[in-house]
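This report concerns only the one structure given below.
Proteins get letters first, then strands, A, B, ... in listed order; numbering begins at 1 in each.
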Amino acid sequence: MKIVLAARSPFNFQSTVHAHGWYQLAPWVWDEASHSLSRVEQLEDGRIVSLCFHGEGNKLVIETGERLSARQRDEVVHTASWMFALDADFEPFYARADAKPRLAHCRAGACGRLLRSPTLWEDVVKVMMTTNIQWSGTKRLVNALVQRFGEPSPDDPSCRTFPTPEAIARSREATLRKIGLGYRAPHLLKLARGVVAGEYDLDALKDPGLLTHVLRGRLLALPGIGPYAAHTLLFLLGRYDYIGVDTEAVRLVSKHFYDGRPVGEREINVVFDGWGEYKALAYWFWDYAGMGQ
DNA sequence: TTCCAGGGGTAGA
DNA sequence: TCTACCCATGGA
């Protein structure tokens, strides 16, 4: 079954997928030969389906192995629209970026969208798995969670869904430590059990009506989520007022704006302060590669 | 072997 | 609000 969705222009499937590393994390599978992205997903009625995405010009194309009911199709459309931020409008950012040489590539490249997970739960867990660890370790931990706690696809049992909060909540700290999470284990367990208990309502945080600083406070209240993780999640939620400062941000900004001198969060914010509500976009899509050295 | 990674929590000032 | 210290694990 094939579903074709129109996106707000400009849209570029590949630039959306490759804007950050999520496409390398399970259960996503990127196929370089066909330039398509796949994952196994469990629908609300319990059915497990395989979804394959690719781009056709300004459109997102979804292929499903089997036929879906009308309700299932609506759910897939809704989820895909969220994951690829099909309605996102970056025109105000482009209008400013056009005049800045290092950001003038953004409009033509349709920069701005970052691939999101179907649920904020999955994005929170994945961001948590990027803290104080190398990227190869993040991939290993996320894969371990999917293999250990995900539901297998009936078509191919080696492919699994991303674990639900319930599946993690039923686990034990020792089990999570054993699969390599280390000191992150109690944070993830507390998050999962809090979500199941209704203590943390992650879906409510998608509400565009929430003020950004209020949303930031709710994210910081989640276990294992500090400033870096909260700001990264704000970016995924379409709020660009804060930069997620990690070692990579420090390295880039130090090299390109401070002549290699040591910098902290304050110095990084100074550089992009003029971008206001587009600060994180300006930082993320700044063409550091074009600055030489 | 040592250092540190796409940091966060906590205690103490 | 800021700083010092600890935290598990694997890669470099």
Side-chain angles (χ1 to χ4, degrees), chain A residues 17-26 28 30 111 113-117 120-148 168 171-195 199-200 202 213 215-237 239-240 242-257 260 262-272 279-286 288-289:
Chain A
V17 170
H18 290 109
H20 69 149
W22 258 211
Y23 73 96
Q24 301 174 16
L25 299 179
W28 287 117
W30 170 254
C111 298
R113 295 179 177 88
L114 266 64
L115 179 68
R116 298 192 274 217
S117 303
L120 188 55
W121 151 255
E122 182 177 329
D123 277 336
V124 171
V125 173
K126 284 179 170 175
V127 169
M128 191 187 290
M129 295 304 129
T130 69
T131 59
N132 200 23
I133 194 171
Q134 295 178 38
W135 181 247
S136 61
T138 298
K139 290 194 280 190
R140 186 181 65 253
L141 295 187
V142 172
N143 191 58
L145 288 172
V146 169
Q147 291 304 318
R148 178 67 179 77
I168 301 290
S171 177
R172 294 180 180 181
E173 184 179 324
T175 306
L176 294 174
R177 285 183 180 272
K178 194 175 179 181
I179 64 174
L181 267 70
Y183 68 88
R184 300 172 191 82
H187 296 152
L188 178 60
L189 198 56
K190 186 177 179 188
L191 175 72
R193 290 180 174 169
V195 169
E199 182 183 352
Y200 308 123
L202 298 182
H213 76 275
L215 176 55
R216 178 173 179 270
R218 302 249 179 104
L219 290 168
L220 286 170
L222 299 174
I225 301 300
Y228 153 76
H231 298 172
T232 301
L233 287 163
L234 283 174
F235 195 146
L236 285 169
L237 288 165
R239 318 286 186 120
Y240 311 112
Y242 299 90
I243 295 173
V245 175
D246 52 22
T247 54
E248 183 70 2
V250 168
R251 191 184 66 78
L252 283 171
V253 174
S254 169
K255 178 179 174 183
H256 294 293
F257 294 92
V263 302
E265 191 159 3
R266 186 181 297 111
E267 288 76 14
I268 293 173
N269 281 311
V270 165
V271 171
F272 297 99
K279 191 189 284 185
L281 285 172
Y283 157 68
W284 193 255
F285 293 104
W286 193 269
Y288 294 103

Roughly, in whole Å, what's the span from [atom1] in [X] to [atom2] in [N]?
| X | N | atom1 | atom2 | value |
| --- | --- | --- | --- | --- |
| A:L220 | B:dT10 | CG | P | 13 Å |
| A:R266 | C:dT1 | CZ | P | 13 Å |
| A:D246 | B:dG6 | CG | C1' | 4 Å |
| A:W135 | C:dG10 | CH2 | P | 18 Å |
| A:L234 | B:dG6 | CG | P | 21 Å |
| A:L189 | C:dC7 | CG | P | 20 Å |
| A:E265 | B:dG6 | CD | P | 17 Å |
| A:R140 | B:dG6 | CZ | C1' | 15 Å |

Exercise for review: Check whether the side chain of A:Y183 and the base of B:dG9 form a donor-acceptor pair under 3.5 Å.
Suggested key: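 For A:Y183, whose side chain was compared with the base of B:dG9, there is no donor-acceptor pair (under 3.5 Å).
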Check your understanding: Does a side chain donor of either A:R239 or A:H231 reach within less than 3.5 Å of an acceptor in the other side chain?
Key ->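 A:R239 vs A:H231: no donor-acceptor pair found between side chains.
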Practice item. Evaluate the side-chain proximity of A:F272 to A:Y240: yes if any heavy-atom separation is below 4.5 Å, no if none is. Key: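 In short, these two side chains do not touch, never coming nearer than 4.5 Å.
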Exercise for review: Check whether any side-chain heavy atom of A:L236 lies under 4.5 Å from a side-chain heavy atom of A:H20, and answer yes or no.
Suggested key: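 Counting from C-beta outward, A:L236 and A:H20 do come under 4.5 Å.
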**Study point:** Rounded distance in Å between the P positions of B:dT2 and B:dG6
**Key:**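 Result for the P pair: 22 Å, nearest Å.
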Review point. When the P atoms of C:dA8 and B:dA11 are considered, how many whole Å apart are they?
Key: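 To the nearest whole Å, 15 Å.
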What nucleotide, of [options], holds the atom closest to the side chain of [X]?
| X | options | value |
| --- | --- | --- |
| A:N132 | B:dG6, C:dG11, C:dA8 | C:dA8 |
| A:W284 | B:dG6, C:dG11, B:dG7 | B:dG6 |
| A:S136 | B:dG6, C:dG11, C:dC7 | C:dG11 |
| A:P227 | C:dA8, B:dG6, B:dG8 | B:dG8 |
| A:R177 | C:dA8, C:dG11, B:dG9 | C:dA8 |

Exercise for review: Looking only at non-hydrogen atoms, find the nearest pair between A:Y228 and A:V245 and report the distance.
Suggested key: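 Closest approach of A:Y228 to A:V245: CB-O, 3.6 Å.
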Practice item. Provide the closest heavy-atom pair for A:W121 versus A:I168 in the form atom of the first, atom of the second, distance. Key: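 Of all heavy-atom pairs spanning A:W121 and A:I168, the closest is CZ2-CG1, 3.9 Å.
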So what does [X] touch, heavy atoms closer than 4.0 Å: a base, only the sugar-phosphate, or nothing?
| X | answer |
| --- | --- |
| A:H20 | nothing |
| A:G137 | nothing |
| A:A249 | nothing |
| A:I225 | sugar-phosphate |

Review point. Which sits closer to the 5' end of DNA chain B, A:I133 or A:L222, going by the nucleotide each is nearest to?
Key: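 The answer here is A:I133.
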Point to revise | A:K126 side-chain N/O to A:A26 backbone N/O, donor-acceptor pair under 3.5 Å | key: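 Judged by distance alone, yes, a pair lies under 3.5 Å.
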Review point. Are any of A:R184's side-chain N or O atoms less than 4.0 Å away from OP1 or OP2 of C:dC7?
Key: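 The answer is no; no side-chain N or O of A:R184 sits under 4.0 Å from OP1 or OP2.
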